[in-house]
Number of protein chains: 2
Amino acid sequence: MTQSFRDKLHGEGYRLTRERQVILSFLETAKGHHDAVEIHQRLRINGHRISLATVYRTLNLLAELKAVERLCVEGQPATYEINGADQEGRPHHYHLVCSVCGRVMDMDPGSLGASMQKLEEKLPQTYDFRATGHQLTFFGVCDRCASS
Amino acid sequence: MTQSFRDKLHGEGYRLTRERQVILSFLETAKGHHDAVEIHQRLRINGHRISLATVYRTLNLLAELKAVERLCVEGQPATYEINGADQEGRPHHYHLVCSVCGRVMDMDPGSLGASMQKLEEKLPQTYDFRATGHQLTFFGVCDRCASS
DNA sequence: ATTCGTGCAAAACCTTTGCACTTAT
DNA sequence: ATAAGTGCAAAGGTTTTGCACGAAT
């Protein structure tokens, strides 16, 4: 649990509860994409009795504070991933989504990242649209599913 | 209503019903992003009594046949847009989503389209992932919302 | 002490589905 | 005639919310 998270909470008038610490810790350790129900169940297995409603409320809060990133994929519940870098509104990676099993993987933007950011800045000229971020997702078949 | 749509329907053993024609016609005329409930209501206003269930079933079918494109945006119902070009699995445009009002606009991929396609082809080398398509969405503030 | 967070259960919301009836082929 | 599509109402899954209780400040 980073100090900056505590600060952000306090800065906005939120409280540092046990539930919020537990959920954030879980995401820091689990290091992948997890939906609310999954998080709820795995916390329960680890002996934590946090209600599903609180898991949802906490994930919304963490997403708002940009402590986690929310990803919405068609036909699946929203998934949440810890936000490593503490950058402001800049997506630090893209996603690969397997159309067969639904698994979500991270992808390094590489040199593409800079081009996309430039594009983002040039958007207003053409479309009268002030972009604050973007999201790039590739769909396809992951290694596991390809080999079976 | 394109001939190719009729052919596609028949080719897969589907029937050309009045409901399907009406829904497709609506999307051809409306030319934007529309969700199921909105389509249902506007058809109703135009005197068509098509059930919401049929609207959903038809949109699923049209999406499967790639006659329309489905777009899922966080916190909003799925929207559907007529698929102009009859290309196979290749996204022909990207999206601008206004974070304030939720409006979705189309964006011409321009030269980016080719780079992205190349990237898609190179993905397996790095990530062991066979990509079949991708989706790029910019978030920000649209002209209408910026001026108010 | 006060304000905010939590748990529970109920609701909201979008979407799908079972079944009997209707329609396209 | 037959198989597929439709409408209705009910259920499904995900997420939010009202309210009374509990906990952090």
Side-chain angles (χ1 to χ4, degrees), chain A residues 1 5-26 33-44 47-65 67-80 102 104, chain B residues 1 5-26 33-44 47-65 67-80 102 104:
Chain A
M1 163 122 31
F5 173 65
R6 273 191 169 77
D7 295 347
K8 267 185 186 165
L9 272 186
H10 281 167
E12 309 276 344
Y14 298 114
R15 292 178 182 176
L16 181 61
T17 64
R18 200 178 48 75
E19 288 82 356
R20 288 172 181 168
Q21 299 184 58
V22 167
I23 292 171
L24 187 62
S25 289
F26 172 81
H33 297 79
H34 310 276
D35 66 52
V37 171
E38 185 191 339
I39 294 170
H40 178 245
Q41 289 176 341
R42 294 185 53 178
L43 290 182
R44 196 165 265 277
H48 296 101
R49 283 294 152 81
I50 299 179
S51 76
L52 183 54
T54 292
V55 172
Y56 274 110
R57 283 188 280 230
T58 301
L59 290 172
N60 283 342
L61 177 61
L62 294 178
E64 192 184 309
L65 298 179
V68 303
E69 187 191 348
R70 189 198 328 252
L71 179 70
C72 296
V73 174
E74 157 166 0
Q76 298 182 203
T79 60
Y80 299 82
V104 178
Chain B
M1 165 123 32
F5 172 66
R6 274 192 169 76
D7 295 346
K8 266 185 187 165
L9 271 186
H10 281 166
E12 310 276 343
Y14 297 114
R15 292 176 183 179
L16 182 61
T17 64
R18 198 178 48 74
E19 288 83 355
R20 287 172 181 168
Q21 300 183 60
V22 167
I23 292 170
L24 187 61
S25 291
F26 172 81
H33 297 80
H34 310 276
D35 66 52
V37 171
E38 186 190 339
I39 294 170
H40 179 245
Q41 289 176 341
R42 294 185 53 176
L43 291 181
R44 196 167 266 274
H48 297 100
R49 284 294 151 84
I50 299 179
S51 76
L52 183 55
T54 292
V55 172
Y56 275 110
R57 283 187 281 231
T58 301
L59 290 172
N60 283 342
L61 177 61
L62 294 177
E64 192 184 309
L65 298 179
V68 304
E69 186 191 349
R70 189 195 333 250
L71 179 69
C72 296
V73 174
E74 155 166 2
Q76 298 182 203
T79 60
Y80 300 82
V104 177

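Heavy-atom basis, side chains included; hydrogens, waters and symmetry copies ignored. Owing to the predicted nature of the structure, the values given are computational and were not obtained by experimental measurement.
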message: What does the B/S/- profile of nucleotides 18-23 of chain D look like, 5' to 3', with a 4.0 Å heavy-atom cutoff to protein?
response: B----B
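- A distance of 8.5 Å separates CD in A:Gln76 from CG in A:Asp35, rounded to the nearest 0.5 Å.
- Under the ring pair (Phe, Tyr, Trp, His ring centres under 6.0 Å) criterion, A:His34 pairs with A:Phe26, not counting sequence neighbours.
- A:His10 comes within 4.0 angstrom of the backbone, heavy atoms only, and of no base.
- The distance from atom CD of A:Glu74 to atom C1' of D:dG13 is 15 Å, rounded to the nearest whole Å.
- Side chain of A:His40 to backbone of A:Ile50: a donor-acceptor contact under 3.5 angstrom is found.
- Under the 3.5 Å distance criterion, the side-chain polar atoms of B:Arg20 are left unmatched by any main-chain donor or acceptor of B:Thr58.
- An OP1 or OP2 oxygen of C:dG7 is reached within less than 4.0 angstrom by no side-chain nitrogen or oxygen of A:Arg49.
- Ion pairing of B:Glu38 with B:Arg42 is present here, as a side-chain N (NZ or NE/NH1/NH2) and a carboxylate O approach within less than 4.0 Å.
- Between B:Leu52 atom CG and D:dC8 atom C1' the separation is 11 Å, expressed in whole Å.
- Look at CD1 on B:Ile39: it is 14 Å from C1' on C:dT15, rounded to the nearest Å.
- Contact annotation for A:Asp35: no contact, since no heavy-atom pair falls under 4.0 Å across all strands.
- For B:Tyr56, counting side-chain heavy atoms from C-beta on, the closest listed nucleotide (D:dG7, D:dT16, C:dT15) is C:dT15.
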